[in-house]
Visitor: 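The structure follows.
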Amino acid sequence: MTPLAGYLLLSAMLFAIGLAGALTRRNAIIVLIGIELMLNAANLNFLAFWRFGEHPEALAGIMFVIFSIGVAAAEAAVGLALIIAIYRHYKTANVDEVNSLKG
Amino acid sequence: MTLPFAIIAILTIAAAVAAMSLRNLVHCALALTLAFAGLAAAFLNLDAQFVGFAQILVYVGAVAILIVFAILLTRGGETPEKSVFSASWAWGLAVAVVVFATLAWAITKSAVVERRPAEQVEASVRQIGDALMTRFVLPLEVIGLLLTAALMGAVIIAMREEGKSK
């Protein structure tokens, strides 16, 4: 197995684990954690292709990851605020018990 | 495949599986922190020092604390008696397995994986700062605006509704 294939397979594995968690768990916080894992797997892909790419001196992969980390941080803050608001309203953080739009 | 990469990969995958399957939410958050640390080690292994340390600062530091706060605020600290998996968990697992199989098949069949790494890449903080202030200055401004908006949005969403104090 070549080094790039190793990184890409690790990234695919992390993405699949995050997807499985986001699809199967009931607690909204764990669903958000799964989404964070998927975002991080994408970051690992960016860096692997940057390191093994044609022009690493252009720093395109690193810039992508820096901005992606910024967007993911904003997403985590808003997502957890939404979970806290839902918990205050429904008294539960399980996504399968939050099943009405009107409340 | 080298020994450091194998150690990092096994540690990260084991921590990620634990974060997705443990029953106690606090244990999940701790396992997630370990997975983020493993990813930071993978970034360092790829000669991306700045991003590796930014990953430790942002994820192992800030996001993990945020998640622990959310768990405690939603009283998720106790282990639930009922199942932690949703009723249709088999479908979710099947979708994830199919996605991984497709990705792994595409990766192993691709010609891209034969690439060798460039000899010596130089990605110092000085170069990253130069690039951020010249070529990437517009995205930098946009991300600043986005973070400000997200900060205000998170505070407004989580604020207690007026006259409905419980």
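Computation of the quantities below employed the complete heavy-atom set of this structure, encompassing side-chain atoms and omitting hydrogens, waters and symmetry-equivalent molecules. Keep in mind that what you see is a predicted model, and the values were worked out from it rather than measured. Numbers restart at 1 for each chain; the letters A, B, ... are given by sequence-line order, proteins then strands.
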Visitor: Give, for atom CD1 of B/Ile71 and atom CG of A/Asn27, the distance between the pair rounded to the nearest 0.5 Å.
Guide: 7.5 Å
Visitor: Specify which of B/Leu66, B/Val113, B/Val99, B/Val155 makes the most heavy-atom pairs with chain A at under 4.5 Å.
Guide: B/Val113
Visitor: Do B/Met20 and A/Leu19 belong together in a cluster built from hydrophobic side chains that touch within less than 4.5 Å?
Guide: no
Visitor: Are A/Arg25 and B/Phe85 in a cation-pi contact, defined as NZ or CZ under 6.0 Å from the six-membered ring centre and within 45° of the axis?
Guide: yes
Visitor: In terms of heavy-atom contacts, does CZ of B/Phe100 have more than 12 from other residues, nucleotides or ligands at under 6.0 Å?
Guide: yes
Visitor: Distance from B/Leu39 atom CG to A/Leu37 atom CG, nearest 0.5 Å?
Guide: 7.5 Å
Visitor: Are B/Leu30 and B/Val68 connected in a single hydrophobic cluster, I mean Ile/Leu/Val/Met/Phe/Trp/Tyr linked by side-chain heavy atoms less than 4.5 Å apart?
Guide: no
Visitor: For B/Thr12, is it the side chain, the backbone, both, or neither that has a heavy atom closer than 4.5 Å to a heavy atom of chain A?
Guide: both
Visitor: Do the side-chain N and O atoms of A/Asn40 and B/Gln55 include a donor-acceptor pair separated by under 3.5 angstrom?
Guide: yes
Visitor: Counting only non-hydrogen atoms closer than 4.5 Å, does A/Phe67 touch chain B with its backbone (N, CA, C, O), its side chain (CB onward), both, or neither?
Guide: both
Visitor: Please state whether the side chain, the backbone, both or neither of B/Phe69 comes within less than 4.5 Å of a heavy atom of chain A.
Guide: neither
Visitor: Side chain, backbone, both or neither: which part of A/Val71 has a non-hydrogen atom closer than 4.5 Å to chain B?
Guide: both
Visitor: Would you mind listing every side-chain hydrogen bond (donor to acceptor under 3.5 Å, both in side chains) that reaches into residues 14-24 of chain A, with sequence neighbours excluded?
Guide: none
Visitor: Taking every heavy-atom pair that is under 4.5 Å apart, which of A/Ile84, A/Leu80, A/Val95 has the most such pairs with chain B?
Guide: A/Leu80
Visitor: Give a yes or no answer on whether the side chain of A/Arg51 reaches the backbone of B/Asp47 with a donor-acceptor pair at less than 3.5 Å.
Guide: no
Visitor: Please classify the contact between B/Val58 and chain A as side chain, backbone, both or neither, with a heavy-atom cut-off of under 4.5 Å.
Guide: side chain
Visitor: What closest approach, in Å, do B/Ala154 and A/Ala81 show between heavy atoms, and which atom pair accounts for it?
Guide: O-CB, 3.4 Å
Visitor: If I measure from the heavy atoms of chain B, does A/Phe52 come under 4.5 Å with its side chain, its backbone, both, or neither?
Guide: both
Visitor: With a 4.5 angstrom heavy-atom cut-off, could you sort out which part of A/Met63 is near chain B: side chain, backbone, both or neither?
Guide: side chain
Visitor: How long is the gap from CG on A/Leu14 to CD1 on B/Ile13, to the nearest 0.5 Å?
Guide: 6.0 Å
Visitor: What part of A/Leu8 is in contact with chain B, defined as an atom under 4.5 angstrom from a non-hydrogen atom: side chain, backbone, both or neither?
Guide: both
Visitor: Which atoms of A/Leu44 are under 4.5 Å from chain B, going by heavy atoms: the side chain, the backbone, both sets, or neither?
Guide: both
Visitor: Enter the distance from B/Thr108:OG1 to A/Leu9:CG here, rounded to the nearest 0.5 Å.
Guide: 7.0 Å
Visitor: Can you tell which part of B/Leu151 gets under 4.5 Å to a heavy atom of chain A, answering side chain, backbone, both or neither?
Guide: neither
Visitor: Quick one: CD on A/Glu36 to CZ on B/Phe36, what's the gap to the nearest 0.5 Å?
Guide: 5.5 Å
Visitor: Quick one: are the ring centres of A/Tyr7 and B/Phe5 less than 6.0 Å apart?
Guide: yes
Visitor: In this structure, would B/Phe50 and B/Leu140 fall into the same cluster of hydrophobic residues linked by side-chain contacts under 4.5 Å?
Guide: yes
Visitor: According to side-chain hydrogen bond (donor to acceptor under 3.5 Å, both in side chains), does anything in residues 28-41 of chain B pair up with another residue at least two apart or in another chain? List the pairs.
Guide: none
Visitor: Is it the case that one hydrophobic cluster holds both A/Leu4 and A/Leu10, taking links as side-chain heavy atoms less than 4.5 Å apart, direct or via other members?
Guide: yes
Visitor: Taking every heavy-atom pair that is under 4.5 Å apart, which of A/Leu82, A/Ile83, A/Asp96 has the most such pairs with chain B?
Guide: A/Leu82
Visitor: Answer with side chain, backbone, both or neither: which region of A/Ile66 has an atom nearer than 4.5 Å to a non-hydrogen atom of chain B?
Guide: side chain
Visitor: Report the option among B/Val63, B/Leu132, B/Val98, B/Ile156 that has the most heavy-atom pairs separated by less than 4.5 Å from atoms of chain A.
Guide: B/Leu132
Visitor: What option among B/Val142, B/Asn45, B/Val97 has the most heavy-atom pairs under 4.5 Å with chain A?
Guide: B/Asn45
Visitor: For residues B/Ala48 and A/Leu47, report the shortest heavy-atom separation together with the two atoms involved.
Guide: CB-CD2, 3.9 Å
Visitor: Using non-hydrogen atoms only, which part of B/Ile10 is less than 4.5 Å away from chain A: side chain, backbone, both, or neither?
Guide: neither
Visitor: So what's closer than 4.5 Å to chain A heavy atoms on B/Ala9: side chain, backbone, both or neither?
Guide: both
Visitor: Given a strict heavy-atom distance threshold of 4.5 Å, which part of B/Ile67 is in contact with chain A: side chain, backbone, both, or neither?
Guide: both
Visitor: Just so I understand: if I count every heavy-atom pair under 4.5 Å between each of B/Ile128, B/Leu103, B/Leu146 and chain A, which residue has the most?
Guide: B/Ile128
Visitor: Backbone N or O of A/Phe49 within a donor-acceptor pair of the B/Arg115 side chain at under 3.5 Å?
Guide: no
Visitor: Using non-hydrogen atoms and a 4.5 Å limit, figure out which bit of B/Val112 sits close to chain A: side chain, backbone, both or neither.
Guide: both
Visitor: Do you know the tightest heavy-atom contact between B/Ala96 and A/Ala20?
Guide: CB-CB, 3.6 Å
Visitor: Counting only non-hydrogen atoms closer than 4.5 Å, does B/Leu32 touch chain A with its backbone (N, CA, C, O), its side chain (CB onward), both, or neither?
Guide: side chain
Visitor: Check whether any side-chain heavy atom of B/Cys28 lies under 4.5 Å from a side-chain heavy atom of A/Ile30, and answer yes or no.
Guide: yes
Visitor: Can you tell me how far the CZ atom of B/Phe136 sits from the CG atom of A/Leu59, to the nearest 0.5 Å?
Guide: 7.0 Å
Visitor: With only heavy atoms counted, which part of B/Leu46 is less than 4.5 Å from chain A, the side chain, the backbone, both or neither?
Guide: both
Visitor: Under 4.5 Å between side-chain heavy atoms, counting indirect links through other Ile/Leu/Val/Met/Phe/Trp/Tyr residues: same cluster for B/Met159 and A/Tyr87 or not?
Guide: no
